[in-house]
J.: 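Take this structure, written in structure tokens, and hold onto it; I'll ask about it next.
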Amino acid sequence: MALVGNIRDFGLSDFLYLVDRGYKTGGLHLKHNDETAILFFERGKLILASRKDEDRKGELLVRLGVLSAEQLSSVMQQMQQRGNGVTLTQVLLDSQLLPAEKLQSTLQTHNEESVYGLFGWPEGEFRFEQGQKPATDSPVMPVPVPVENLIMEGVRRIDEWGRIKDRIPSTDMVVKFIDQPGEKAKGVKLAPEEWRVFARINGRDTLAEIAQKTNLGDFDTCRIVYGFLTAGLVEVLKKPKPAPLTSSARGAQVTEPPRLKKSLVNRIINRIRGM
Amino acid sequence: MQTVKMVISGAVNAGKTEFIKAISEIEVVSTERRATDDTKLIKKETTVAMDFGRIQIADDLVLHLFGTPGQKRFDFMWEILSEGMLGLVILVDSTRPETFRETNRIIDFFVSYRDTPYVIAANKQDRPNAWSPDELRLALRQPPHIKVMPCVASDRESVKNVLLELLYVILQRSED
Ligand SMILES: Nc1nc2c(ncn2[C@@H]2O[C@H](COP(=O)(O)OP(=O)(O)OP(=O)(O)O)[C@@H](O)[C@H]2O)c(=O)[nH]1
Ligand SMILES: [Mg+2]
């Protein structure tokens with residue numbers, strides 16, 4: 001079923017995280033005023049991103065200067081002859097008209113630029129069609145691209161607190177590496193400022209303390225950590241609970257939920273089961 | 001008579017009133033027709049102050065369900081309602097991603113400092129375009145040990161299931 005929403009409320013980087021973690025395959029359709037974009041993913045990775053309909057055809061390769069018009073038409077012919085759902089990319093690779101790396105790097109740069117532009121959209125409706133695949137004659141990247149770097153780049157373009165506050169409500173929170181970032185952490189490229197923050201993460205210091213030590217200021221520190229968060233590298237936690245208040249302290253202090261006896265909880269369970 | 005308390009929370013229109021109605025023996029709701037703030041765009045009737053439901057467990061034991069008001073202007077009620085609660089159900093309208101951030105704020109409010117047992121109910125699963133529980137878990141960034149249950153608040157069996165899951169979480173933490 002389609003997932004629909006607006007990137008004003010559920011940001012593009014949030015969506016990329018969902019795609020990544022959920023190993024999603026499908027087409028994400030975005031619309032902002034008269035502009036549209038389509039991103040295709042396969043098992044959580046980007047395979048095609050385009051802002052224009054004509055960029056989803058083989059002619060893109062001619063425009064990007066990696067194929068001549070003649071080469072393209074011969075490739076298209078071969079594609080038709082082979083039929084059977086064979087893709088343009090497959091035929092291109094088999095034809096050895098250009099090295100696979102060249103095809104990959106050209107398309108990847110083009111696709112990434114298309115995605116980066118989308119982070120500037122203040123709002124825009126999205127619809128994710130699960131399982132949808134690009135047309136066979138689309139210039140799909142031979143190697144699907146992980147989305148973490150797209151997320152990091154998107155976050156670099158955030159210039160307002162609002163978005164960040166949702167995830168990092170206060171600079172009193174502690175930053176900690178997540179226990180099992182797995183393969184993820186390997187491919188992420190960080191800018192020098194980001195490394196400064198990255199190196200300070202120790203599971204004890206708060207954002208405010210990191211900002212002070214790196215001299216980066218609260219906003220930049222939080223923005224950078226927000227990027228790490230969104231890419232799934234770190235978590236931010238509330239500071240450990242304050243020590244129990246003495247009886248002289250009053251007011252709405254920290255109250256632990258009451259601990260009940262197992263037998264009592266079981267009585268409630270049995271009653272509700274029987275309803 | 002001993003009473004125990006559970007809180008049903010979630011953003012405006014998530015289905016809190018519906019949820020409590022589906023299971024409670026009595027119905028105490030306080031609605032008003034003319035909702036304020038942005039609520040009036042979404043619905044005609046919204047809960048003012050709170051919902052209240054009650055389930056008699058035995059002669060000497062009763063379970064109270066408190067639904068928090070969705071509108072922002074009643075946020076001050078949360079603190080009061082959360083006092084002494086046993087556990088928390090967070091309802092999410094799975095068809096409206098624009099409420100996910102608000103949902104996270106609500107979870108944060110209740111779970112910060114207090115280590116409250118909670119489950120998330122991915123409500124309105126009967127509607128087209130509902131995000132699945134797995135998708136909601138990712139969207140809300142909930143860790144794997146937090147239960148995200150499919151839910152249709154108007155269906156009593158579904159509501160029972162959600163409450164039972166919460167009770168199992170509570171059971172794990174209770175003493176022998
Ligand atoms: N299809 C469907 N509709 C539901 C479900 N749960 C609630 N609704 C509808 O969603 C609307 C909102 O439900 P309420 O129970 O009033 O929501 P609420 O959380 O109490 O809302 P506020 O009190 O205004 O915060 C109503 O029209 C319900 O009938 C569900 O599981 N499926
Ligand atoms: Mg209500």
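Numbered from 1 within each chain, the chains take letters A, B, ... in sequence-line order.
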J.: What part of B:D134 gets closer than 4.5 Å to chain A, counting heavy atoms only: side chain, backbone, both or neither?
T.: neither

J.: Please determine whether the number of non-hydrogen atoms from other residues, nucleotides or ligands lying under 6.0 Å from atom CD of B:Q56 exceeds 12.
T.: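 Buried by this count: over 12 neighbours within 6.0 Å.
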
J.: With only heavy atoms counted, which part of B:L163 is less than 4.5 Å from chain A, the side chain, the backbone, both or neither?
T.: side chain

J.: Considering residues, nucleotides and ligands other than B:D59, do more than 12 of their heavy atoms fall under 6.0 Å from its CG?
T.: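 At most 12 heavy atoms, drawn from other residues, nucleotides or ligands, come within 6.0 Å of this atom.
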
J.: Can a salt bridge be assigned to the pair B:R96 and A:D9 using a cut-off of 4.0 Å between side-chain N and carboxylate O?
T.: no

J.: Considering only heavy atoms from C-beta outward, does the side chain of A:R21 approach that of B:R137 to under 4.5 Å?
T.: no

J.: Among B:E175, B:E157, B:R141, B:K160, which residue forms the greatest number of heavy-atom pairs with chain A at distances under 4.5 Å?
T.: B:R141

J.: In terms of heavy-atom proximity below 4.5 Å to chain A, should B:Q2 be classed as side chain, backbone, both, or neither?
T.: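 For B:Q2, side-chain heavy atoms alone lie under 4.5 Å from chain A.
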
J.: For atom CD of A:Q212, decide whether the heavy atoms of other residues, nucleotides or ligands shown that lie under 6.0 angstrom number more than 12.
T.: no

J.: Which residues pass the salt bridge (Lys or Arg N to Asp or Glu O under 4.0 Å) test with B:D93, not counting sequence neighbours?
T.: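 For B:D93, the residues satisfying salt bridge (Lys or Arg N to Asp or Glu O under 4.0 Å) (neighbours in sequence not counted) are B:K124.
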
J.: Regarding A:R8 and B:E98, does a basic nitrogen lie under 4.0 Å from an acidic carboxylate oxygen?
T.: no

J.: Do B:W131 and A:F128 make the cut of ring centroids closer than 6.0 angstrom?
T.: no

J.: Can you say whether B:R156 sits under 4.5 Å from chain A via the side chain, the backbone, both, or neither, judging by heavy atoms?
T.: side chain

J.: Where is the tightest heavy-atom contact between A:G5 and B:P97, given as atom of each residue plus distance?
T.: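 In this case the closest contact between A:G5 and B:P97 is CA-CG, 3.6 Å.
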
J.: Evaluate the criterion side chain to side chain contact (heavy atoms under 4.5 Å, CB included) for residue pair B:R105 and A:K165; output intermediate values, then yes/no.
T.: CA-CA 10 Å; B:R105 266 191 288 273; A:K165 280 259 157 67; over 6 Å; no

J.: Please look at B:L63 and chain A and tell me whether the side chain, the backbone, both or neither of the residue comes under 4.5 angstrom of a heavy atom of that chain.
T.: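 Answer is side chain: those atoms of B:L63 sit under 4.5 Å from chain A.
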
J.: Would you call A:K261 and B:D176 a salt bridge, taking side-chain N to carboxylate O under 4.0 Å as the test?
T.: no

J.: Heavy atom to heavy atom, less than 4.5 Å: which residues from residues 266-275 of chain A reach chain B?
T.: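 Within residues 266-275 of chain A, the residues under 4.5 Å from chain B are A:N266, A:R267, A:I268, A:I269, A:R271, A:I272, A:R273, A:M275.
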
J.: Measure the shortest side-chain to side-chain distance between A:L264 and B:V4 over non-hydrogen atoms and say whether it is less than 4.5 angstrom.
T.: yes

J.: Out of curiosity, B:T95 OG1 to A:L3 CG, how far, rounded to the nearest 0.5 Å?
T.: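 These two atoms lie 11.5 Å from each other.
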
J.: What residue in B:L61, B:I170, B:N104 has the most heavy-atom pairs under 4.5 Å with chain A?
T.: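 Going by pairs under 4.5 Å, I would pick B:L61.
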
J.: Any donor-acceptor pair under 3.5 Å linking the side chain of A:K262 with the backbone of B:S174?
T.: yes

J.: Is B:K5 atom NZ crowded by more than 12 heavy atoms from other residues, nucleotides or ligands, each under 6.0 Å away?
T.: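 Yes, the 6.0 Å shell around NZ holds more than 12 heavy atoms from other groups.
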
J.: Check this for me: A:K133, atom NZ, are more than 12 non-hydrogen atoms of other residues, nucleotides or ligands nearer than 6.0 Å?
T.: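 No.
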
J.: I'd like to know if B:R101 and A:D14 make a salt bridge, using a cut-off of under 4.0 Å between side-chain N and carboxylate O.
T.: yes

